[in-house]
Amino acid sequence: MSLTGNAKLAGIAGWPVGHSLSPRLHAYWIAEHKLDAAYVPLPVRREDFASAVALLPKLGFRGLNVTIPHKEAAFALATEHDEAATATGAVNTLVFENDRIIGKNTDVAGVIGMLRDAGITSLKSQNVFVGGAGGAARAVVFALTQLKASRIWIVNRTRSKAEELATLFDGRNGTRVEATYPTDKVNLIINATSVGMAASMEKPAEPADTYHVVPKCDVAADIVYRPLETEFLAGYRARGSKTIDGLGMLLHQAVPAFAAWFGVEPRVTTALRAHMLAALKG
Ligand code: ATR
């Protein structure tokens, strides 16, 4: 569909941004809902981000997704934050409304949506082991407390960050969060590190051999979607666990952002997943 002079605009700011699948994803929903709208990649250098955020609302942009290296700057530039952004201290979505800049963390909804697709709507009496303590791990741990997990153990290469994250969420919604290897049965294991990404040649430093630490669990999930089946997931699949790949998180985190900018709540369907799988392969 061609754009009119009143088209609603949004985009993703990052450096680099060329690898992002978000333009493909939002274009699918824009076409599906026949919207007069566009979602564009915005290659923005770190030093230009603040001026871009000052200017884009004046150019008619409804908001932005932000990716590396702008997540901290986005949090600082937001004039207000939603609950998930406040709780995690991380922002991946900005919504421009008049003079307001609303910072949102839709990764939390992404994690909840990805688990819901696998039939997990509550983690009551369930124990979870999380690898990683970066921005994505913060969203994961907050989402797990919202689903009322019983216990969460976090291990990260940089131990102090795992301790910080555990302290931040320990006791929330009755969930016990500790920065240690598991000391009891693990029902769900989640890789929230960037280890396993096609671009990363590094071998995991910590948690090192999760199969040794957690040889069995009901479900294993990864936030990495490139490749779709990481070594981590393949290992747990071979051990009989149900596995959840990272594509679901990517799709679900986009839902509240699209709704906030364009006023339509889009759906994550099997057709969308197939479309994005083709984009991943292409
Ligand atoms: P994101 O926003 O995707 O979470 P991030 O905040 O940079 O990105 O976090 C990346 C995560 O992957 C961190 O937990 C990082 O560990 P450190 O906190 O020690 O940096 C983890 N990570 C990245 N490469 C790793 C590797 N080779 N081994 C173990 N952990 C790794």
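Remember, it's 1-based here, ligands and their atoms both numbered in the order they're listed.
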### Message
Tell me whether Arg176 is salt-bridged to Glu178, with the criterion being a basic N under 4.0 Å from an acidic carboxylate O.
### Response
yes
### Query
Could an N or O of ligand 1 be found under 3.5 Å from any N or O of Gly135, whether backbone or side chain?
yes
### From Ile244, Leu144, Asp222, residue fulfilling side-chain contact (heavy atoms from CB on, under 4.5 Å) relative to Ile190
Leu144
### Message
Are any of the N/O atoms on Lys161, whether in the backbone or the side chain, positioned under 3.5 angstrom from an N/O atom of ligand 1?
### Response
yes
### Query
What about Lys71: any of its N or O atoms under 3.5 Å from an N or O on ligand 1?
no
### Message
Looking only at distances, can you tell me whether any N or O atom of Ala136, backbone or side chain, sits closer than 3.5 Å to an N or O atom of ligand 1?
### Response
yes
### Query
Under a 4.5 Å cut-off applied to non-hydrogen side-chain atoms, are Tyr236 and Lys216 in contact?
no
### Task
Scan side-chain atoms only and decide if Asp117 and His252 contain a donor-acceptor pair under the 3.5 Å cut-off.
yes
#### Entry: Basic-acidic side-chain contact under 4.0 Å: Arg100, Glu97
yes
## Note on the structure
Going by the 4.0 angstrom heavy-atom rule, the piece of Val195 near ligand 1 is side chain
#### Entry: Nitrogen or oxygen of Ala133 less than 3.5 angstrom from that of ligand 1
yes
### Query
Under the 6.0 Å and 45° cation-pi test, does Arg239 pair with Tyr211?
yes
### Task
Pick one of side chain, backbone, both or neither for how Asn156 approaches ligand 1, counting any non-hydrogen atom pair under 4.0 Å.
side chain
### Summary
In ligand 1, the atoms that come under 4.0 Å of a heavy atom of Gly132 are 14 (O)
